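Here's the structure, in structure tokens; my notes come after.
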Amino acid sequence: MNNKTKIAVLVSGGGTNLQAILDACDSGIITHGEVKCVISSKAGAYALERAKNHGIKGYVVSKKELGGQEAFEKKITDILREHEIELIVLAGFMSILSENFTKKYEERILNVHPSLIPSFCGKGYYGLRVHEAALSYGVKVTGATVHFVNEIPDGGRIILQKAVYIQDGDTPEVLQKRVMEQAEWKILPQAVEIVSKEICKNK
Ligand code: GAR
């Protein structure tokens, strides 16, 4: 279809969620959106290789090198404008975006978080730490959430959630892998399609 929603994926690491989105575009799970660029907050992130292998332009935007949040967000905004981006997907993006930024993209930024929000979320809960917290609390069910991003970390409207059972003997690494396989890699592409379709409808 023409006129697909133009998507930017923001990453910091391995990029398995980016891969899930790219695979979903290829397999027809995502039909209303296309990934136009990938922006990494870290040089050398494997996610950039995944973008390259898919013929998608990748950028490194380092807050440290640019000297602060304002310059970091300005650089990201410039890239988004260049590609006329309509939907931003945070897929393992380990930097918090300021209210100044999120306000400009109301209900146009998605994030995947590896727990059932409102559990184990907010400032300080990211990556393996989320699974360590779930295991040390002793919950029996965890999962993943895709939500819109606003000024509150992990606080925006929820789009999709999926539960995953914790098993005896789980380590944070084992649990992280199960949550990715059973939840994140499924609900993130689904949510991208839902929101891309909605944006297409309103064009
Ligand atoms: C994923 O588990 C994602 O949910 C999590 O980081 C991992 C990135 O993996 N994100 C957060 O914790 C954000 N608060 P990936 O680079 O392989 O997609």
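Side-chain atoms are counted along with the backbone in the values below, which use heavy atoms only and exclude waters and symmetry mates. Counting starts at 1 for both ligands and their atoms, following the listed order. Quick caveat: nothing in here was measured; it's all calculated off a predicted structure.
The hydrophobic clustering, which links ILVMFWY residues whose side-chain heavy atoms are closer than 4.5 Å, places Val9 and Val192 together. Linking ILVMFWY residues whenever their side-chain heavy atoms come closer than 4.5 Å, directly or via other members, leaves Ile109 and Leu18 in distinct clusters.
Those atoms of ligand 1 with a heavy atom of Tyr125 less than 4.0 angstrom away are 14 (N). Close approach to Met180 involves these atoms of ligand 1, each under 4.0 Å from a residue heavy atom: 1 (C), 2 (O), 9 (O), 17 (O). Using a 4.0 Å cut-off to heavy atoms of Gly127, the atoms of ligand 1 that qualify are 11 (C), 12 (O).
For atom 18 (O) of ligand 1, the nearest non-hydrogen atom from the set Val179, Asn17, Val9 belongs to Asn17. Remark: among candidates Ala20, Gly15, Ser115, Ala45, the nearest residue to atom 16 (O) of ligand 1 is Gly15, based on non-hydrogen atoms. Residue Glu184 holds the heavy atom nearest to atom 4 (O) of ligand 1 of all those in His113, His131, Lys177, Glu184.
The shortest N or O to N or O distance between Asp154 and ligand 1 is not under 3.5 Å.
Annotation: atom 6 (O) of ligand 1 to nearest protein heavy atom, Met94 CE, 3.2 Å. Distance from atom 17 (O) of ligand 1 to its nearest protein heavy atom, with residue and atom name: Thr16 OG1, 2.6 Å. Among protein heavy atoms, atom 13 (C) of ligand 1 sits closest to Val112 O, 4.0 Å. Protein heavy atom at the shortest distance from atom 8 (C) of ligand 1 is Gly92 CA, 3.6 Å.
Using a 4.0 Å heavy-atom cutoff, Arg129 is absent from the residues neighbouring ligand 1.
Put simply, the side chain of His131 never gets that close to the backbone of Val174: no donor and acceptor are under 3.5 Å apart.
Within a 6.0 Å sphere centred on CD of Glu65, heavy atoms belonging to other residues, nucleotides or ligands number 12 at most.
The aromatic rings of Phe93 and Phe72 sit parallel to each other, their planes meeting at less than 30°, with 60° as the upper class boundary.
Residues Ile85 and Ile7 have side chains not in contact (no heavy-atom distance under 4.5 Å, counting atoms from C-beta outward). Counting heavy atoms from C-beta on, the side chains of Glu73 and Ser98 come closer than 4.5 Å.
Remark: of the listed residues Glu106, Glu99, Glu107, Glu99 is the sole one forming a salt bridge (Lys or Arg N to Asp or Glu O under 4.0 Å) with Lys103.
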